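As the structure is a prediction and not an experimental result, all values here were calculated from the model. Each chain gets a letter, A, B and so on, in the order the sequences are listed, and its residues count up from 1.
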Amino acid sequence: MPVITLPDGTTKTFDSPVTVAQVAASIGAGLAKAAIAGKVNDKLVDTFYTINDDANLRIITDRDPEGLEIIRHSTAHLLAHAVKTLYPTAQVTIGPVIENGFYYDFAFSHTFTTEDLAKIEAKMQEIVEQNYQVSRKEVSRDEAIKYFRSIGEEYKVRIIEDISADEQLSIYQQGDFADLCRGPHVPSTGMLKAFKLTKVSGAYWRGDSKNEMLQRVYGTAWKDKKALEEYLKQQEEIEKRDHRKIAKNMDLFHFQDIAAGMVFWHENGWAIYQQVKQYISDRIAEDGYQQVATPQIVDLDLWRRSGHWDMFGEEMFTVESDNRQYAVKPMNCPCHVQIFNQGLRSYRDLPIRLAEFGYLHRNELSGAMHGLMRVRQMVQDDAHIFCAEDQIQEESARFIRLLIDVYKDFGFNEIIVRLATRPDKRLGTDALWDQTEGALAAALKSSGLTFEYRPGEGAFYGPKVEFHLKDSIGRTWQCGTLQLDYAMPGRLDAYYIAEDGSKKVPVMLHRAILGSLERFLGILIEHYAGKFPVWLAPVQAVIMNITDKQASYVEEISRELKKHGLRVKSDLRNEKIGFKIREHTLENVPYLLVAGDREVENRTLSVRTQDGKDLGVMPVDKYLELVKAEIQRRGRVET
RNA sequence: GCCCACAUAGCUCAGUCGGUAGAGCACUUCCUUGGUAAGGAAGAGGUCGUCAGUUCGAUUCUGAUUGUGGGCUCCA
């Protein structure tokens with residue numbers, strides 16, 4: 001006689017074991033129809049799951065996040081069902097839920113094209129209309145293996161062999177399609193009403209590039225057509241924020257095949273770039289860094305000694321001259337060690353913080369390039385801190401404080417922080433790793449940041465903290481980083497004289513706030529959708545005349561504003577004022593200044609902002625004051 | 001590097017079932033001197049990414065190549 005307790009605390013008593021569906025039906029016909037699954041004592045189950053004993057039960061519908069997830073998972077099965085129907089020799093592998101949708105990986109000799117997607121989607125629709133009941137069968141390991149082998153699904157067999165022996169296996173069946181799955185699933189295919197296959201791509205079996213490549217079909221699924229359409233529309237909006245599109249519109253930079261992965265910066269983009277660089281330059285100077293510059297091409301010998309040639313030789317550009325082999329530097333650190341090594345260092349000199357905006361070249365795989373986000377030539381706001389072991393935590397904490405403050409100036413409040421810990425292949429003792437990982441974790445905690453661990457993802461020489469930011473479509477990109485390095489200083493013979501007169505090897509902290517300036521600008525463009533705050537805007541104001549009569553006044557004021565450091569352009573074209581306003585609004589110029597006869601007479605300007613606000617007519621001095629205050633505020637969001 | 005797709009005027013795109021291409025915006029000239037998101041007219045502009053092959057003829061078909069986009073892998 002199970003007693004079912006519902007989320008609102010009410011109980012229902014049944015004479016005999018009941019299914020989730022029956023409980024839902026006992027509450028109401030509407031709920032019975034909407035039920036996707038149940039949550040029995042916090043465990044997600046199918047609607048046809050039988051409850052034998054007293055239990056807490058929540059009926060899951062498409063309004064619950066869990067419901068949406070089940071819909072997406074079931075849609076992945078629906079996709080596999082359709083593919084197997086159309087192409088019986090395709091083999092199924094895995095089909096998980098991802099953000100906004102799902103994918104399914106197939107092994108198949110014929111490659112899916114975009115046209116095939118339409119066909120598959122139509123077949124999925126048919127299966128939905130058939131409204132197949134979904135059923136679940138628990139099977140033993142041997143049964144499962146035997147079954148999938150009998151229908152030629154070798155990948156499923158490999159998957160089963162990898163599942164731990166104590167786990168209960170289950171097979172879900174809809175129509176003539178069966179798939180190994182933990183579940184739960186929607187009770188019938190007719191409940192899948194809003195989905196769309198979005199793209200097809202390759203993906204390695206088990207995510208390993210040594211393995212064969214499978215075909216991955218991506219899709220999105222929602223609770224109803226309206227939600228699907230909203231999502232698709234939102235995606236379109238988001239695409240407009242793409243930094244590559246905005247760059248064309250605002251004339252920021254371009255790429256060309258004569259130098260793939262390297263940026264041709266135009267005046268406007270370079271203005272932002274320089275502004276960002278100068279800002280960091282000022283911030284780190286305040287924080288006790290020395291700025292240095294080191295050679296672009298350096299003898300290969302240095303890279304052999306540092307270990308980079310062995311690890312990353314393939315991604316380095318090389319140059320030969322006078323029988324000597326050089327590498328174009330992929331990073332600054334070995335060069336900074338050379339500066340550290342000049343002269344004799346004392347423990348009193350530490351920490352030494354060497355910063356450089358050096359050009360770095362890395363021959364990234366051709367398929368890895370991605371607008372500004374992944375390039376072959378970049379500049380990092382790179383610095384290396386040489387310090388004693390007992391200074392690590394303080395230096396780490398100090399860096400993190402600086403980073404958070406800098407990010408605030410750019411208006412970033414959502415930072416994803418990851419602490420990557422010891423990898424399998426590593427240098428140093430476990431005790432040392434315990435200590436260094438602990439130091440970084442402590443530094444993060446003291447700054448109040450929440451972070452997640454990334455086990456095994458640290459560098460071979462030390463743990464690292466990664467600071468990620470999101471681009472417009474939600475992909476995360478590593479920007480800032482902080483890495484502890486016990487290896488390189490020793491390899492390159494760096495030492496200092498300790499208090500007791502002995503030679504000691506310093507610890508090296510590799511750190512960057514923005515990471516690659518190129519990538520950071522990409523993120524920044526998308527973050528602001530091109531509508532930069534005044535301090536960063538490539539053109540901060542455009543002054544325009546109404547008729548030719550005000551031309552000389554406009555030129556005069558333009559010169560004056562430039563004298564105060566503003567990036568100003570004048571627009572004296574023979575066009576109507578409405579036309580000019582429209583054009584510069586679309587160019588994301590923050591201030592539109594208009595001078596007609598009235599303004600000339602009173603030596604004023606009519607001030608309008610990019611977002612269409614009319615600030616009225618004001619004297620030039622007052623405008624300067626206003627704009628300077630705004631520049632001072634940078635991108636801080638008042639909280 | 002791997003999988004799929006794409007590459008046509010400065011930009012956004014259309015088009016040619018194989019007979020050397022078209023729109024809108026931008027550009028140039030002229031008219032217009034107009035007060036806050038597009039005034040009007042005329043004109044100019046492309047050997048259809050590159051290299052091969054098939055063909056009487058290729059921007060269109062085939063192959064290779066380069067680049068780009070979306071993924072996968074990688075990311076010192």
Enquirer: Could you check whether any side-chain heavy atom of A/Ile272 comes within less than 4.5 Å of a side-chain heavy atom of A/Met250, counting everything from C-beta outward?
Expert: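 No, side chains not in contact.
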
Enquirer: Is any side-chain N or O of A/Arg608 closer than 4.0 Å to OP1 or OP2 of B/A37?
Expert: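 Yes.
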
Enquirer: Could you check whether A/Tyr461 gets within reach of a base, just the sugar-phosphate, or nothing at all, counting any heavy atom under 4.0 Å?
Expert: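 Sugar-phosphate, no base atom in range.
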
Enquirer: Look at atom CD of A/Gln256 and say whether more than 12 heavy atoms of other residues, nucleotides or ligands are closer to it than 6.0 Å.
Expert: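 Check passes, neighbour count above 12.
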
Enquirer: Under 4.0 Å, heavy atoms only, any strand: does A/Glu212 hit a base, just the sugar-phosphate, or nothing?
Expert: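 Nothing, no heavy atom under 4.0 Å.
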
Enquirer: Does any donor-acceptor pair link the side chain of A/Asp614 with the base of B/U36 at a separation under 3.5 Å?
Expert: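 When only heavy-atom distances are counted, A/Asp614 does not reach the base of B/U36 through any donor-acceptor pair under 3.5 Å.
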
Enquirer: Indicate, with a heavy-atom threshold strictly under 4.0 Å, whether A/His370 touches base, sugar-phosphate, or nothing.
Expert: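 Sugar-phosphate contact only - A/His370 comes under 4.0 Å of backbone atoms but never of a base.
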
Enquirer: Under 4.0 angstrom, heavy atoms only, what part of the nucleic acid is A/Tyr103 near: base, sugar-phosphate, or nothing?
Expert: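 Contact class for A/Tyr103: none.
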
Enquirer: Is it true that A/Arg158 and A/Asp162 have a side-chain N and a carboxylate O under 4.0 angstrom from each other?
Expert: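 No salt bridge links A/Arg158 with A/Asp162.
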
Enquirer: Mind running side chain to side chain contact (heavy atoms under 4.5 Å, CB included) on A/Asp381 and A/Phe520 for me, showing each step along the way?
Expert: CA-CA 10 Å; A/Asp381 63 324; A/Phe520 190 77; over 6 Å; no

Enquirer: Looking across every strand, which nucleic acid part, if any, lies under 4.0 Å from A/Gly371 by heavy atom: base, sugar-phosphate, or nothing?
Expert: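 Sugar-phosphate, backbone atoms only, no base.
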
Enquirer: At under 4.0 Å between heavy atoms, what does A/Ile577 touch on the DNA or RNA strands: base, sugar-phosphate, or nothing?
Expert: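 If one applies the 4.0 Å heavy-atom cut-off, A/Ile577 turns out to touch the sugar-phosphate alone, with no base involved.
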
Enquirer: With a 3.5 Å cut-off and heavy atoms only, can you find an N or O donor on one side and an acceptor on the other between the side chain of A/Tyr204 and the base of B/G71?
Expert: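 Check fails, no donor-acceptor contact within cut-off.
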
Enquirer: Would you mind classifying the nucleic acid contact of A/Met311 as base, sugar-phosphate or nothing, using non-hydrogen atoms under 4.0 angstrom?
Expert: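 Since no nucleic acid heavy atom lies under 4.0 Å of A/Met311, the category is nothing.
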
Enquirer: Tell whether A/Gln550 reaches the base of B/G35 with its side chain through a donor-acceptor pair below 3.5 angstrom.
Expert: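 A donor-acceptor contact between them is absent.
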
Enquirer: When you measure only distances, ignoring hydrogens and angles, does the side chain of A/Arg362 come within 3.5 Å of the base of B/C74 through a donor and an acceptor?
Expert: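 No, no donor-acceptor pair under 3.5 Å.
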
Enquirer: OP1 or OP2 of B/G70 less than 4.0 angstrom from a side-chain nitrogen or oxygen of A/Arg475, does that happen here?
Expert: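 The answer is yes; a side-chain N or O of A/Arg475 sits under 4.0 Å from OP1 or OP2.
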
Enquirer: According to the Watson-Crick and G-U wobble definitions, with both distances under 3.5 Å, which nucleotide is paired to B/A21?
Expert: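 The answer is none; no pair meets the criterion.
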
Enquirer: Establish, with yes or no, whether the OP1 or OP2 oxygen of B/G1 is under 4.0 angstrom from a side-chain nitrogen or oxygen of A/Ser366.
Expert: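 Answer yes for this pair, as a side-chain N or O of A/Ser366 is under 4.0 Å from OP1 or OP2.
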
Enquirer: Which part of the nucleic acid, if any, lies within reach of A/Phe112 when heavy atoms closer than 4.0 Å are counted: base, sugar-phosphate only, or nothing?
Expert: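 The answer is sugar-phosphate, as A/Phe112 gets under 4.0 Å only of primed atoms, P, OP1 or OP2.
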
Enquirer: What's A/Thr547 touching, base or sugar-phosphate or nothing? Going by heavy atoms closer than 4.0 Å.
Expert: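 Since a base atom lies under 4.0 Å of A/Thr547, the category is base.
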
Enquirer: Check every strand shown and say whether A/Gly578 touches a base, only sugar-phosphate, or nothing at a heavy-atom separation below 4.0 Å.
Expert: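 If one applies the 4.0 Å heavy-atom cut-off, A/Gly578 turns out to touch the sugar-phosphate alone, with no base involved.
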
Enquirer: Is it true that A/Lys329 and A/Glu356 make a salt bridge, defined as a side-chain N closer than 4.0 Å to a carboxylate O?
Expert: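 Looking at A/Glu356 together with A/Lys329, the answer is yes, because their closest N to O distance falls below 4.0 Å.
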
Enquirer: Can you see if the side chain of A/Arg244 gets near the phosphate of B/G69 - specifically, an N or O under 4.0 Å from OP1 or OP2?
Expert: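 Yes, because at least one side-chain N or O of A/Arg244 sits under 4.0 Å from OP1 or OP2 of B/G69.
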
Enquirer: Just checking A/Lys464: base, sugar-phosphate only, or nothing, at a heavy-atom cut-off of under 4.0 Å?
Expert: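 Sugar-phosphate, backbone atoms only, no base.
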
Enquirer: Which part of the nucleic acid, if any, lies within reach of A/Phe579 when heavy atoms closer than 4.0 Å are counted: base, sugar-phosphate only, or nothing?
Expert: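 The answer is sugar-phosphate, as A/Phe579 gets under 4.0 Å only of primed atoms, P, OP1 or OP2.
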
